[in-house]
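Everything on this sheet refers to the single structure shown next.
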Amino acid sequence: VQLQASGGGLVQAGGSLSLTCVASGRAFSTYVVGWFLQAIGKEREFAERDFVAAISRSGASTFYADSAQGRFSISRDNAKNMVYLQMNNLTPEDTAVYYCAADSSVVRRAPKDYDYWGRGTQVTVSS
């Protein structure tokens, strides 16, 4: 499966953005999907602290990092091969490049457990 994240941009603190992850290939509903971030200009190997949110194959189960809980919402539309990350009440600390990733196993928070990664989309939150 190939993934492409989009929807990033510049927003003021307290604002909202909606990220979209589009997948190509068949059987998208057999993949769990996660969102991860990396600080801008500090590319390195992903770590578990980079986890933002994840969603099960059907969308019935969702998981969030503590920093995202209550502000972000992950959802999916398997008919459209899309996963969304709605981000509300953004703060400058949310500034990062956001990546979506997919795996055919169960939902996990560790980046190493995801086999497929898309190119990221940059989110910049100004104070």
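This structure is a prediction, so every number in the text was calculated from the model and none was measured. Values below: every heavy atom of this structure, side chains too, minus hydrogens, waters and symmetry copies.
Every salt bridge (charged side-chain N to carboxylate O under 4.0 Å, His left out) that Asp94 has, sequence neighbours left out, goes to Arg71. Residues that satisfy the side-chain hydrogen bond (donor to acceptor under 3.5 Å, both in side chains) test with Glu93, not counting sequence neighbours, are Thr91. Scanning for side-chain hydrogen bond (donor to acceptor under 3.5 Å, both in side chains) contacts around Thr124 gives Gln122, with sequence neighbours left out. In this view, Ser29 satisfies the side-chain hydrogen bond (donor to acceptor under 3.5 Å, both in side chains) rule with no residue, not counting sequence neighbours.
To the nearest 0.5 Å, atom CH2 of residue Trp35 and atom CE of residue Met87 are 8.0 Å apart. Between the CG atom of Asn81 and the CD atom of Gln2 there is a distance of 12.0 Å, given to the nearest 0.5 Å. Interatomic distance, Ser16 OG to Gln86 CD, rounded to the nearest 0.5 Å: 5.5 Å. With values rounded to the nearest 0.5 angstrom, Ile55 atom CD1 is found 8.5 Å from Ser61 atom OG. Remark: Ile74 CD1 to Cys21 SG distance equals 9.0 Å, nearest 0.5 Å. To the nearest 0.5 Å, atom OG of residue Ser58 and atom CG of residue Asn78 are 8.0 Å apart.
More than 12 heavy atoms of other residues, nucleotides or ligands sit less than 6.0 Å from atom CD of Gln4.
No donor-acceptor pair under 3.5 Å is formed between the side chain of Asp77 and the backbone N or O of Met82. At distances below 3.5 Å, not a single donor-acceptor pair connects side-chain atoms of Arg57 with backbone N or O atoms of Val33. Judged by distance alone, with hydrogens and angles left aside, the side-chain atoms of Arg109 form a donor-acceptor pair with the main-chain N or O of Tyr64 at under 3.5 Å.
Closest non-hydrogen pair, Gln38 versus Ala96, comes out as O-CB, 3.2 Å. Closest of all the heavy-atom pairs between Leu17 and Gly7 is CD2-O, 3.9 Å. Contact record, Ser127 with Pro92: CB-CG, 3.9 Å, taken as the closest heavy-atom pair. Pro111 approaches Ala47 most closely through the heavy-atom pair CG-O, 3.3 Å. Nearest heavy atom pair, residue Val1 against residue Ala23, reads CG2-CB, 3.8 Å. Closest approach of Ser56 to Val32, counting heavy atoms only: CA-CG1, 4.2 Å.
Taking the side chain as every heavy atom from C-beta outward, Phe51 and Phe63 approach each other to under 4.5 Å. The side-chain heavy atoms of Tyr98 and Val52, taken from C-beta on, include a pair separated by under 4.5 Å. The closest side-chain heavy-atom distance from Thr95 to Val123 is not below 4.5 Å. In this structure the side chain of Leu3 never reaches within 4.5 angstrom of the side chain of Val22, judged on heavy atoms.
Under the 6.0 Å distance and 45° angle rule, Arg76 counts as a cation-pi partner of Phe28.
With hydrophobic clusters built from ILVMFWY side chains whose heavy atoms lie under 4.5 angstrom apart, Leu85 shares a cluster with Leu90. Residue Val97 is not grouped with residue Val11 when hydrophobic side chains (ILVMFWY) are merged at heavy-atom distances under 4.5 angstrom, including chains of intermediate members.
Sorted by first and then second residue, the ring pair (Phe, Tyr, Trp, His ring centres under 6.0 Å) pairs with a member in residues 105-127 read Tyr31-Tyr116, Phe36-Tyr114, Phe36-Trp117, Phe46-Trp117; sequence neighbours excluded. Annotation: ring pair (Phe, Tyr, Trp, His ring centres under 6.0 Å) contacts involving residues 67-96, sequence neighbours excluded, are absent.
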